[in-house]
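Notes follow the structure.
Just so you know, ligand 1 is whichever comes first in the structure, and atom 1 is the first atom listed for that ligand. Fair warning: this is a prediction, and the values are worked out from it, not measured in the lab.
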Amino acid sequence: MSKHVLVLADVRDGKLRNVSLESLAAARTVAEDGTITAAVFGSSGKDLADTLAHHGADKVVTVLNQELDQYTTDAYFQAFKKVVEHVQPDVIFTGHTAVGKDVSPRVAARLGTGLVSDCTNVELAEGKIVFTRPIYAGKAFVKKVVKEGTVFATLRPNNISAGEPDTSRTAVIEELQVDLTSDSLRTLVKNIVKKSTEGVDLSEARIIVSGGRGVKSADGFKPLQELADVLGAAVGASRGACDSGYCDYALQIGQTGKVVTPDLYIACGISGAIQHLAGMSNSKVIVAINKDPEAPIFQVADYGIVGDLFDVVPMLTEEFKKL
Ligand code: FAD
């Protein structure tokens, strides 16, 4: 049975995040011959419509209010709820990102519908959508089917291939008016101060160089940053490194930090506690550098290097520079 799928585009600094295209790929998997609608918020909305169409959107609903240029819970909640009520989809996909994790449950709760969070895959079986999501901190996966009603799902970045764009595709564009007056908004973003740690987006990075307490100081992250720069990678961290004050908590990966699924995860001086593994064990290739051969991280690593990270990491950097 065909399904009408709505995808909320995740936009940062006026650009589409890759998870939006991955969500459209997921929509193509489940829609059969149903319509795929993408919703895009903020004043750059119209500029992004072509890319959304190239990746499978049949229709693009824009809400162009500039109050939506930066994410705020109030404004996105109001706009997203209105779009869902207007579009009346069977299933709604957002990224499992700060935006999707905040707005989807709110709208789902307000509309009294179900939500499956943090999906790593979606597929069709006998006309029903089957959602796969990790449980027990990533040690197992569960498949879920929602028997009736509209369902929201948040999709973990880097798990579903966005596929190649079809530049011949076009979409119908509809502008929806949403009245976002200052009376209805309780928060107003006046200024965004970017952290110096911001480089490659951690949750969408293809390669992550991650440091643990073994880096021993804030300066100890420098060789990791150098390796990351050569590889075009993001820098991440264990909570041990964050708690020790070596880096910002924005870098924390794990159960209470970010969940990442890069193609390559290089863990430097990280012991491999279960709470850290919960955030990175689904990485496609894991390289561990640790001077303790008994460190648990080696149990999940595809490649292990027993050695001092301050010797090994600069050697890797030099070798990758030659490529
Ligand atoms: P350590 O366990 O101290 O390991 C340091 C490692 O570095 C050791 O294996 C050591 O052999 C190695 N090493 C030292 N020097 C060198 C060197 N020169 N070269 C190479 N190797 C070296 N942790 C997370 O990471 N993310 C989370 O989200 C998270 N959430 C948590 C939630 C809860 C409720 C709790 C209770 C804990 C959580 N933790 C989390 C903490 C977790 O249990 C561990 O304490 C933490 O992951 C340890 O960090 P670490 O591996 O950097 O430090």
- Message: Any side-chain to backbone donor/acceptor pair from R206 onto P262? Under 3.5 Å, distance only.
- Response: no
- Item | Short side-chain to backbone donor-acceptor contact, E204 and V19, under 3.5 Å | yes
- Task: Report, in ascending order of atom number, the atoms of ligand 1 lying under 4.0 Å from any heavy atom of G257.
- Result: 28 (O)
- Task: Show which atoms of ligand 1 fall inside a sub-4.0 Å distance from at least one heavy-atom site of G254.
- Result: 26 (N), 27 (C), 28 (O)
- Item | E85 CD: over 12 foreign heavy atoms closer than 6.0 Å | yes
- Task: Go through ligand 1 atom by atom and flag the ones less than 4.0 Å from a non-hydrogen atom of T256.
- Result: 27 (C), 28 (O), 29 (C), 30 (N), 31 (C), 32 (C)
- Let me know which of R156, R133, K101 forms a side-chain hydrogen bond (donor to acceptor under 3.5 Å, both in side chains) with D118. R156
- Message: With no hydrogens and no angle check, just 3.5 Å: does a side-chain donor-acceptor pair link D219 and Y246?
- Response: no
- Message: Need the ligand 1 atom indices (1-based, order shown) with element for anything under 4.0 Å from a heavy-atom of G212.
- Response: 52 (O)
- Note on the structure: min-distance protein heavy atom vs atom 11 (O) of ligand 1 -> N290 OD1, 2.7 Å
- Measuring to protein heavy atoms, does anything land under 4.0 Å from atom 45 (O) of ligand 1? no
- Taking only heavy atoms of D308, which atoms of ligand 1 are found under 4.0 Å from at least one of them? 17 (C), 18 (N), 19 (N)
- Query: Are T97 and D10 close enough that a side-chain donor and a side-chain acceptor fall under 3.5 Å?
  - Reply: yes
- Task: Just need the protein heavy atom nearest to atom 19 (N) of ligand 1, so name the residue and atom and give the distance.
- Result: L309 N, 2.9 Å
- To which of K258, Q255, R239 does the heavy atom nearest atom 33 (C) of ligand 1 belong? R239
- Nearest heavy atom to atom 27 (C) of ligand 1, choosing from Q252, R213, K216, M280, belongs to Q252
- Message: Among all protein heavy atoms in this structure, tell me which lies nearest to atom 43 (O) of ligand 1, with the distance rounded to 0.1 Å.
- Response: Q275 OE1, 2.8 Å
- Report the C-alpha separation of E174 and H86 in whole Å, then their side-chain angles, then the decisive distance to 0.1 Å, and conclude whether the side chain to side chain donor-acceptor pair (under 3.5 Å) test is met. CA-CA 11 Å; E174 182 189 4; H86 175 70; 2.8 Å; yes
- Query: For atom 52 (O) of ligand 1, which candidate among A137, S244, S238 provides the closest heavy atom?
  - Reply: S238
- Query: When H4 is tested against each of D90, T35, T150, T37 for side-chain hydrogen bond (donor to acceptor under 3.5 Å, both in side chains), which residue passes?
  - Reply: T37
- Taking only non-hydrogen atoms of A273 and a 4.0 Å limit, the atoms of ligand 1 in range are 42 (C), 43 (O), 44 (C), 47 (O)
- Go through T72 and D74 one step at a time and tell me if the side chain to side chain donor-acceptor pair (under 3.5 Å) criterion holds. CA-CA 6 Å; T72 63; D74 277 351; 5.9 Å; no
- Message: If only side-chain N and O atoms count, and only distance matters, is there a donor-acceptor pair under 3.5 Å linking T94 with S104?
- Response: yes
- Who's closest to atom 14 (C) of ligand 1 heavy-atom-wise, of G220, A278, G214? G214
- Message: I need the nearest protein heavy-atom contact for atom 5 (C) of ligand 1: residue, atom name and distance, please.
- Response: G269 O, 3.5 Å
- Item | Nearest-neighbour protein heavy atom for atom 21 (N) of ligand 1, which is reported as residue plus atom name and distance | K291 N, 3.2 Å
- With a cut-off of 4.0 Å, which atoms of ligand 1 are near a heavy atom of I253? 24 (C), 25 (O), 26 (N), 27 (C), 28 (O)
- Aromatic rings F80 and F41: how do their planes relate, parallel, tilted or perpendicular, breaks at 30° and 60°? perpendicular
- Task: Using a strict 4.0 Å cut-off to heavy atoms of G307, name the atoms of ligand 1 that fall inside it.
- Result: 19 (N), 20 (C)
- Query: Which heavy atom of the protein is the closest neighbour of atom 2 (O) of ligand 1, given with residue, atom name and distance?
  - Reply: S271 OG, 2.7 Å
- Hey, are D102 and Y76 close enough side-chain-wise for a donor-acceptor pair under 3.5 Å? no
